[in-house]
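Structure first, then comments.
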Amino acid sequence: MPQDRSYSLKEVVKQLGLILLLPAILFIITSLILESIGIKYVDTTFIFLLFQIITYTWFLAINKRFREYIRDPLCSKVKIRTAAFYIIAGFVLMALTSVLVLGTGIETNEGQRHLFESSDLHSAMTFQTIFAALAISIIIPFFEELLFRGLLFTTLSNKYGAWWAIIISSLIFGMLHGGVFIATSIFGLVFGYIFYKTKSLIPGIVLHMIWNSLSVFLT
């Protein structure tokens, strides 16, 4: 990878800050506008997810440097048997984490349940419900792996080493998932370790998509 395409930690903080804050800001502004003109019954989950996808897509489309930066780990070849092993092992670890952390009441995913219910994912199929299901199951996991493993983990690894990168990126990943900090931090450890061992983003992306899909349709 060309040296001039590498990111500094300060640049990563700015990039992630922009990507994570912009959808929230746009959502708040839109909500205030809709409320001011008397529109109350809107699918807030759909609106927020829409702004997330727009922001992610915009960032990827205009940022050639970022595309070049994550090209190698995204296109890196990994043996199917190796990928399958880490995906299955990762899934088992995440399932055990859910049972131990969520099943025992240490944390609760009621906020996540409310998110899915407010989007009415289990009602009649509409554009909003289809979009929400696809966003949570496929699109957001893809972008999160590019950002947290492809960008954040790699930058931290270059500066502090792989193990500190796994720990720090996982804690940040957990903090950004609200009331399930412990569970999602452990999930982040799994994703980070898989990326570290395979040097490819693909196994983590596939596992992340599988897990989120199950969360959507089984919650």
Side-chain angles (χ1 to χ4, degrees), residues 1-21 56 59-60 63-101 106-107 138-178 180-212 215:
M1 185 179 298
Q3 184 65 31
D4 60 353
R5 295 193 185 280
S6 296
Y7 283 86
S8 67
L9 194 55
K10 184 177 181 180
E11 288 177 310
V12 171
V13 171
K14 288 181 178 179
Q15 299 275 14
L16 286 178
L18 173 65
I19 297 167
L20 296 172
L21 287 176
Y56 291 154
F59 178 78
L60 189 61
N63 199 328
K64 182 179 179 181
R65 180 186 177 193
F66 177 70
R67 294 198 305 270
E68 293 290 336
Y69 190 73
I70 53 90
R71 176 180 297 170
D72 286 346
L74 187 60
C75 299
S76 177
K77 293 182 179 180
V78 56
K79 292 181 179 180
I80 295 177
R81 182 179 298 181
T82 301
F85 169 78
Y86 282 108
I87 290 170
I88 294 170
F91 184 88
V92 171
L93 287 172
M94 291 167 68
L96 290 173
T97 297
S98 294
V99 171
L100 294 174
V101 177
I106 296 174
E107 288 184 336
I138 298 174
I139 304 173
I140 289 178
F142 173 75
F143 279 112
E144 284 188 342
E145 289 308 305
L146 295 189
L147 293 171
F148 286 97
R149 260 57 69 178
L151 178 61
L152 179 60
F153 171 88
T154 304
T155 304
L156 288 170
S157 181
N158 291 338
K159 187 173 181 61
Y160 300 112
W163 290 105
W164 278 114
I166 291 175
I167 294 170
I168 296 171
S169 62
S170 299
L171 291 175
I172 295 173
F173 184 70
M175 286 189 291
L176 295 172
H177 285 79
V180 285
F181 166 74
I182 297 175
T184 50
S185 292
I186 296 173
F187 294 170
L189 289 173
V190 172
F191 294 135
Y193 183 76
I194 291 174
F195 178 50
Y196 167 65
K197 294 297 291 186
T198 65
K199 311 303 181 186
S200 172
L201 289 169
I202 299 301
I205 289 173
V206 173
L207 175 58
H208 203 152
M209 288 180 177
I210 291 172
W211 187 264
N212 277 30
S215 297

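Side-chain atoms are counted along with the backbone in the values below, which use heavy atoms only and exclude waters and symmetry mates. One is the number of the first residue; the rest follow in order along the sequence. Just so you know, these numbers come straight off a predicted model, no measurement behind them.
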For the student: nearest non-hydrogen atoms of S157 and A165, plus distance: N-CB, 3.4 Å

Centroid-centroid distance, F148 to F191, less than 6.0 Å: no

Over all atoms of both residues, closest heavy-atom pair of Y193 and I166: CA-CD1, 4.0 Å

Any side-chain heavy-atom pair of Y196 and F153 under 4.5 Å: yes

From CG (L18) to CG (L21), nearest 0.5 Å: 8.0 Å

Gap separating the CD atom of E11 from the OG atom of S6, nearest 0.5 angstrom: 9.5 Å

Closest non-hydrogen atom pair, E107 against F181: OE2-N, 3.1 Å

Heavy-atom closest contact (I106 atom, L100 atom, distance): CD1-O, 3.7 Å

Non-hydrogen side-chain atoms of E144 and F173 separated by less than 4.5 Å: yes

Atom of L9, atom of L156 and distance for their closest heavy-atom approach: CD1-CD2, 3.5 Å

Worked check of side-chain contact (heavy atoms from CB on, under 4.5 Å) between L147 and Y56: CA-CA 10 Å; L147 293 171; Y56 291 154; 3.9 Å; yes

Side chains of T97 and V190 in contact at under 4.5 Å (non-hydrogen atoms): no

Separation of H208 NE2 from R149 CZ (nearest 0.5 Å): 7.0 Å

E68 and R71 ion-paired at < 4.0 Å: yes

CG-CG distance between L16 and L20, expressed to the nearest 0.5 angstrom: 6.0 Å

Point-to-point distance, once rounded to the nearest 0.5 Å, from CG of N212 to CZ of F187: 9.5 Å

Spatial distance of atom CD1 (I172) from atom CG (L152) [nearest 0.5 Å]: 5.0 Å

Heavy atoms from other residues, nucleotides or ligands near NZ of K159 exceed 12 (cutoff 6.0 Å): no

Step-by-step side-chain hydrogen bond (donor to acceptor under 3.5 Å, both in side chains) determination, T155 to Y69: CA-CA 10 Å; T155 304; Y69 190 73; 3.3 Å; yes

Close side-chain approach of I205 and L74, heavy atoms under 4.5 Å: yes

Heavy-atom check, side chain of L146 versus side chain of F66, under 4.5 Å: yes

T154 side chain reached by Y7 side chain, heavy atoms, under 4.5 Å: no

For I138 against M209, the heavy-atom pair lying closest together: O-CE, 3.3 Å

Any donor-acceptor N/O pair, S76 side chain to S200 backbone, under 3.5 Å: no

